[in-house]
2 protein chains.
Amino acid sequence: MTAAHFSERRLKLADMLPGIPVFLASGCDRYRNYPGHTYPFRASSHYLFFGGPNRSGHVLLILNGEATLYRPAPDADDEVWHGPSESLEELQSRYDFKEIKNLEELDEDLSTLGVDEVLALPSSDAATNRFMEKYLGRVPDLDEDPDVDLVDAVMELRRCQDEAAQSEIRRAVQATVELQRVVLGASRPGVTERELRGELDKVMASNGWQPSFNPIISVAGEVLHNPFYTHTLADGDLLLVDCGVEVESGYAGDLTRTVPVNGQFTSTQKAIYDIVDKARSESLRQIAPGVHFAELHKTASLVIAQGLVELGILKGEPEELVEMGAHALFFCHGLGHLVGLDVHDMEDFGDRIGYEDGEERSSQFGLSNLRLSRELEAGMVVTVEPGYYRIPALLNGPLGEKFAHVLDRDVLQKYEDVRGIRIEDVVLVTDDGYENLSEALPTASSEVEQLVGSLSPV
Amino acid sequence: MTAAHFSERRLKLADMLPGIPVFLASGCDRYRNYPGHTYPFRASSHYLFFGGPNRSGHVLLILNGEATLYRPAPDADDEVWHGPSESLEELQSRYDFKEIKNLEELDEDLSTLGVDEVLALPSSDAATNRFMEKYLGRVPDLDEDPDVDLVDAVMELRRCQDEAAQSEIRRAVQATVELQRVVLGASRPGVTERELRGELDKVMASNGWQPSFNPIISVAGEVLHNPFYTHTLADGDLLLVDCGVEVESGYAGDLTRTVPVNGQFTSTQKAIYDIVDKARSESLRQIAPGVHFAELHKTASLVIAQGLVELGILKGEPEELVEMGAHALFFCHGLGHLVGLDVHDMEDFGDRIGYEDGEERSSQFGLSNLRLSRELEAGMVVTVEPGYYRIPALLNGPLGEKFAHVLDRDVLQKYEDVRGIRIEDVVLVTDDGYENLSEALPTASSEVEQLVGSLSPV
């Protein structure tokens, strides 16, 4: 990212909101157990999008395409504890500000502009909202005039990735491929999930990367967002690895692979793995501008339903099973989401970003978890990530009861060595179709077997 | 830690606050860039002290020595995404609760008790304060009745570590020794600070440990809390490593070592290193109940002033130099701090915990950074961490000007290969003296040279 990229984005914002000042807070430090121990700071994605250093307590004030940066006044004591601040020249050359000022001057500048004219975005962090309240006299609100105009403008600018963003996402995905290769390469029976997390963290830190979300590394793949690392990999297990690198500019990668811990799928594992991989490839190849993402989700659901009918786990017509939502017993989440500066891009805006104006989430279980339900546009980056999960809470709960008549539990029992499989690629929508950004990491069952344990133990 | 330890602490609290209900919030999740990406959760240390699971949104209500745990009601959807919750039996056996209830019942139980009677502690996290306001109708305040009674009681209970806590701190320090050995062992010219951070993170994650603070791994040791990892280790550099493990119970370790990157101190480096190590050992061996920590700080300051006078860097009588604060040109922080569930224990209480009633921080530069200024008591755990730093912001600023008459810049120039040295041990105050908990990690210059590069490159 160069200063010219940020200037271009600020000018586009000016076109949409001419003469209106926009206030973007980087955010406040998040305290862990006490104020001296802060989590690694990550500025708001909206602020980063328009160009500012990844530091807490900074404000970008953008007006007519020009940005002024306000930062806490550097002092000698700060230099003793935290080292010299970035120089003005360095900031200027990286971001092209109209001016760089001390935060102390912000109040007066806001008065001059007329603080009631200023638009801003709420934060998901309470302290950051308090910070904004201090300067603006109000907490910005996603649903209320006038900030909703800014929400719309930012969604419009960030929904499709500009060229600079595409290039950053490519880097993030490439880094994630490298990360996956290390984690899968270190996997073998006897290794613990914690040790694999250690390998992942080592690659992250030694490259100066950050995780774009909390990585999932688990032989209990049926827990969708498993944040714990308590198991030891055993012969016969499947390992699900879902992780992403965030590169320095803030852009995210996000890939999932599922592999046999011993390097060889059983016939039951391979049967279901191949269904999930087919769901991935069939839905992926439909991608093009104008195609509705819900259609892709439906395609994946159909492939899964059909596969499970062929195996005898589900009974009935695949179309009907999908219509009634029976496939969601096994594929219970959405096919994918937008990727950008957030791994679930702009999810802080809620369903405004994922759903077309006027569309609402379905209440049907499964579809209710679909994060993205829009027509695809060139420049969008999306994940395609079908899965199969044997989740006791679903199978033994009301959903299992509801679909008892189409479920053959005896056949399902034969596939008990399959707990959770997910395969996730990241795809750029192009003018005439798509580009799979994660092609360097194979998905075919015979190829992912080769990735396992390929690195020598350390 | 067993349930019996927590029960004992709750009974002690009841003795101090008989009949008074105490409300302890575990805290809210901290959002990174959007609500779906939370930082690894760490519950409030005050809550952990009295025994509750390390989960967000939980409340301990303690009355007359008995604790009721309130937790968000587990639901099926939560199980699909995050797996089964801890079972009631498991929670019961680990923490010995009177009852485990759903958070929905808290409001009514508080009404029954009389919500105005309930004491609570403020959080440094704004969302957690809002959470408490919802239940208590107010944000607790450190300085106001009645919560100040709870602050006093908690300080009294946590200031000296009980046996269970001592045993946890021993484990945390031992783990930190192991961590230091890995990081120092991987150090050699050509390795980057990032790569060393990678080695550290790998050991942390693979053992299931958390960092008790953001680790400092830097050849720019003169930046006291250097949070960046931008340098490559070079022949002739000193490397400063300041890191700590937090074990599962939440207790912290904290150790610093400074080593020559090539395994061999230069004569100038050794000269200053040995002064700092002498400051460490001389102040450390004064430790005993009844000794004021400010005396130890003075001893360390004197040893450093005397050493620098002997080298010719400072001119004058060591006592006078310390009196006027000239040593703080090079040793500008305090000698140490309390260690416990927070690495700077209970620093969220401000100087109430570090300073005796009625004592205030000195305004003299250097002493102004002393976090701990109390009489030592058996059971306290403290760090002893003198240092020497050549900080341009100080030497070329008003302080350098003030002490120009006692500073020989020509001699200082000869020691330009010494940027920052700190040596930090963790010490338990015993009935008749002290025990150095970090003795397993040597400090002597000849011995730390052996630690460097002792692990084969990976």
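Sequence lines set the chain letters: A, B, ... in the order given, protein chains first and strands last, and positions in each chain run from 1.
Looking at B/L341, the atoms closer than 4.5 Å to chain A (heavy atoms on both sides) all sit in the backbone: N, CA, C or O. When heavy atoms are compared at a cutoff of 4.5 Å, B/E193 does not approach chain A at all. Contacts between B/C28 and chain A at a heavy-atom distance below 4.5 Å are absent for every atom of the residue. Proximity to chain A (any heavy atom under 4.5 Å) is shown, for B/N129, by neither the backbone nor the side chain. With a 4.5 angstrom heavy-atom cutoff, B/Y229 does not touch chain A via any of its atoms. In this structure, the portion of B/P211 lying under 4.5 Å from any heavy atom of chain A is its backbone and not its side chain. Residue B/S212 touches chain A through its backbone alone, counting heavy-atom pairs closer than 4.5 Å.
Remark: side-chain polar atoms of B/R130 are not paired, donor with acceptor, to backbone N or O of A/A126 under 3.5 angstrom.
The environment of A/E86 atom CD is dense: over 12 non-hydrogen atoms of other residues, nucleotides or ligands sit within 6.0 angstrom. Within a 6.0 Å radius of CD in A/E248, no more than 12 heavy atoms belonging to other residues, nucleotides or ligands are found. Applying the 6.0 Å contact sphere to CD of A/E133 captures more than 12 heavy atoms from other residues, nucleotides or ligands.
Chosen from B/P84, B/A127, B/P35, the residue pairing most often with chain A at heavy-atom distances under 4.5 Å is B/P35. Between chain A and the options B/P40, B/A220, B/G27, B/P398, the largest number of non-hydrogen pairs under 4.5 Å is found for B/P40. Here A/R42 is the residue among A/E347, A/H82, A/R42 with the most heavy-atom pairs under 4.5 Å with chain B. Of the listed residues (A/N369, A/L394, A/V203, A/T128), the greatest number of heavy-atom pairs within a distance under 4.5 Å of chain B belongs to A/N369. In terms of non-hydrogen atom pairs under 4.5 Å with chain A, the most contact-rich of B/G250, B/S123, B/G208, B/G36 is B/G208. Contacts with chain B were tallied for A/L196, A/D342, A/D125; A/D342 has the most, counting heavy-atom pairs under 4.5 Å. Between chain A and the residues B/H46, B/M346, B/M204, B/E79, the largest count of heavy-atom pairs under 4.5 Å involves B/E79.
Between B/R197 and A/A205, the closest heavy-atom pair is CG-CB, 3.7 Å. The minimum heavy-atom distance linking A/S124 with B/Y34 is given by the pair OG-CA, 4.0 Å.
The structure places CZ of B/F41 at 7.0 Å from OH of A/Y39, a figure rounded to the nearest 0.5 Å. Atom NZ in B/K202 sits 16.0 Å away from atom CZ in A/R194 (nearest 0.5 Å). The line from CG of A/N214 to CZ of B/R32 is 9.0 Å long, rounded to the nearest 0.5 Å. Distance check: A/E195 CD to B/N207 CG gives 8.5 Å after rounding to the nearest 0.5 Å. With values rounded to the nearest 0.5 angstrom, A/W81 atom CH2 is found 6.5 Å from B/C332 atom SG. Atom NE2 in B/H344 sits 11.0 Å away from atom CG in A/N33 (nearest 0.5 Å).
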